[in-house]
Structures are given as C-alpha cells and as structure tokens.
Colleague: 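The structure that follows is given in the form of structure tokens.
Here the structure is a predicted model, which means the values were calculated and not measured. Residue numbers start from 1 in every chain, and the chains themselves are labelled A, B, ... in the order their sequence lines are given, proteins ahead of strands.
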Amino acid sequence: QKEVEQDPGPLSVPEGAIVSLNCTYSNSAFQYFMWYRQYSRKGPELLMYTYSSGNKEDGRFTAQVDKSSKYISLFIRDSQPSDSATYLCAMTDTGNQFYFGTGTSLTVIP
Amino acid sequence: GAGVSQTPSNKVTEKGKYVELRCDPISGHTALYWYRQSLGQGPEFLIYFQGTGAADDSGLPNDRFFAVRPEGSVSTLKIQRTERGDSAVYLCASSPMGGGRNEQFFGPGTRLTVL
C-alpha cells in the first residue's frame with residue numbers, strides 16, 4: 001500500500017467551477033500537509049501548507065485536513081484556465097522525508 | 001532573487017554509463033532534497049541534506065546512487081552503471097532550515113534518459 005493515494009484524474013471543468021482535489025494517507029504520524037502545483041516541464045511550487053487538522057484559506061484556495069479520517073482536500077473556487085496544471089499533495093512527519101501523491105491533472109476549459 | 005537551478009536540463013546517456021547531476025540551491029538554504037519523478041507519478045524522495053551531511057538517505061534505491069554536498073551549498077547526484085529504469089526527471093529542492101514547517105523550493109529538474 002502506498003503511503004499517499006491520489007486520484008490521477010484527469011479532471012476537466014468549465015471556467016468558474018469549484019474544483020475538489022483529494023488525497024488519503026496511511027501513516028498517522030504525518031502532521032505537515034502541503035499542496036503543490038506543477039506545470040508541464042517545471043518543478044512543483046507550493047500552494048498551501050497546513051499543520052495538523054483544520055482548514056486554511058488563501059484567496060480562491062482552501063485546504064482541509066481531517067487527521068481522524070486520514071484525508072486531505074484542496075478546493076479551488078472560481079477556477080481559471082491558468083489553474084490548469086497537475087496538483088500534488090505531499091506530507092511528512094519529521095520533515096526529513098516528504099511523501100507525494102501521484103498528482104491530479106486539471107484542465108479548466110474557457 | 002535566483003531560485004534553485006539544476007544542470008544539465010537534459011541528459012541522454014547509454015546504459016552502463018556514469019552520470020552526474022548538479023543542483024545549485026537558493027543561497028543560505030541549509031536543507032537540500034533530491035527527488036526522482038517518473039512519468040505520471042509524484043516526486044519520490046531520494047535523499048535529504050542538512051548542511052554538508054546526509055541527514056536521511058533512505059530513499060536512494062541502491063548503491064549505484066550517491067549524492068554529495070561537500071561545502072553545504074551545491075550538491076551533486078551521481079549515478080553509476082545507469083540502467084534504463086533510471087530514466088526520469090530528477091528534482092532538487094532547497095529549504096531555509098528543513099523540517100516540515102519550511103517551504104521547499106524546487107528547481108526545474110534534470111530530465112535523464114538512459115538508452
């Protein structure tokens with residue numbers, strides 16, 4: 001069983017839609033949770049960071065962590081064509097090793 | 001300011017050859033990470049440096065892979081006797097101090113192709 005599971009998609013939505021991206025994990029020791037965005041042939045860039053359980057909002061993006069269910073989510077409101085990318089969840093316990101999901105490919109259609 | 005840079009951007013080699021991949025982290029960042037990303041997959045942890053020392057090398061797949069960071073800045077990932085299965089994008093990331101609370105800044109990666 002992989003440490004982190006993420007539906008690879010692809011996901012295609014019309015502009016303005018709300019997008020929901022999710023990951024599940026198996027290691028209850030994970031306490032730092034991240035979402036990265038990766039454009040083709042580029043390195044990942046950090047979008048959101050959350051420590052432990054709870055919600056965090058930044059503009060159109062909201063990250064949620066439910067440690068009891070070992071489930072994290074990223075919501076994108078009012079999606080834009082420029083949001084088209086691969087979204088990776090990542091997590092760690094100590095900050096030595098970071099475990100990434102496979103990534104979800106998102107296309108926002110104008 | 002300058003971000004993380006990686007050279008070369010692309011490397012094509014033949015099976016059995018030796019390759020070196022270089023990472024220049026953001027100046028002042030003490031933590032440096034190497035990852036491998038295969039097509040359609042997320043980055044897979046290889047090794048983590050804190051300063052000059054490898055704090056965690058448990059992700060290196062076998063003894064053909066080795067990495068150094070002799071002066072606590074630039075790092076080199078070395079792969080001996082390359083195999084076709086080593087073909088992937090090798091990503092480097094740096095962080096101000098390491099640990100879960102500090103953002104990792106990724107470079108653009110080196111795309112390695114083993115023929």
Colleague: Measure the shortest side-chain to side-chain distance between B:R111 and B:K11 over non-hydrogen atoms and say whether it is less than 4.5 angstrom.
Modeller: no
Colleague: Please look at B:F106 and chain A and tell me whether the side chain, the backbone, both or neither of the residue comes under 4.5 angstrom of a heavy atom of that chain.
Modeller: both
Colleague: Taking side chain as everything from C-beta outward and backbone as N, CA, C, O, which of these in A:T94 sits under 4.5 Å from a heavy atom of chain B? Side chain, backbone, both or neither.
Modeller: backbone
Colleague: Quick check: under 4.5 Å, non-hydrogen atoms only, which of residues 70-87 of chain B neighbour chain A?
Modeller: none
Colleague: With side chains defined as the heavy atoms from C-beta onward, is the minimum distance between A:E45 and A:Y39 less than 4.5 Å?
Modeller: yes
Colleague: Pick one of side chain, backbone, both or neither for A:Q38, based on which atoms fall under 4.5 Å of a heavy atom in chain B.
Modeller: side chain
Colleague: For A:Y32, which atoms come within 4.5 Å of any heavy atom of chain B: side chain, backbone, both, or neither?
Modeller: side chain
Colleague: Among residues two or more places apart or on two chains, list those pairs meeting salt bridge (charged side-chain N to carboxylate O under 4.0 Å, His left out) that have a residue in residues 34-52 of chain B.
Modeller: B:R36-B:E44
Colleague: Answer yes when A:D58 and A:K56 have at least one side-chain N-carboxylate O distance shorter than 4.0 Å, and no when they do not.
Modeller: no
Colleague: Check whether any side-chain heavy atom of B:T13 lies under 4.5 Å from a side-chain heavy atom of B:L112, and answer yes or no.
Modeller: yes
Colleague: Assess whether a salt bridge exists between A:R77 and A:E57, defined as any Lys/Arg side-chain N lying under 4.0 Å from an Asp/Glu carboxylate O.
Modeller: yes
Colleague: Just so I know, are the side chains of B:H29 and B:P96 near enough to count as touching, which here means a heavy-atom distance under 4.5 Å?
Modeller: yes
Colleague: Let me know if A:P8 has heavy atoms under 4.5 Å from chain B in its side chain, its backbone, both or neither.
Modeller: neither
Colleague: Could you verify whether a donor N or O on one side chain and an acceptor N or O on the other, from A:Y25 and A:E3, lie under 3.5 Å apart?
Modeller: no
Colleague: Are A:L47 and A:F98 in one and the same hydrophobic cluster, where Ile, Leu, Val, Met, Phe, Trp and Tyr link if side-chain heavy atoms are under 4.5 Å apart?
Modeller: no
Colleague: Any idea which of A:G95, A:A90, A:G101 has the most non-hydrogen atom pairs under 4.5 angstrom with chain B?
Modeller: A:G95
Colleague: If we define contacts as heavy-atom pairs under 4.5 Å, which of B:Q6, B:Q37, B:Q50 has the most with chain A?
Modeller: B:Q37
Colleague: Which atoms of A:F33 come close to chain B, meaning under 4.5 Å heavy atom to heavy atom: side chain ones, backbone ones, both, or neither?
Modeller: neither
Colleague: By a 4.5 Å heavy-atom criterion (distance strictly below it), what part of B:F105 contacts chain A: side chain, backbone, both, or neither?
Modeller: neither
Colleague: Within a strict 4.5 Å, meaning less than it, do heavy atoms of the A:R60 and A:D83 side chains meet?
Modeller: yes
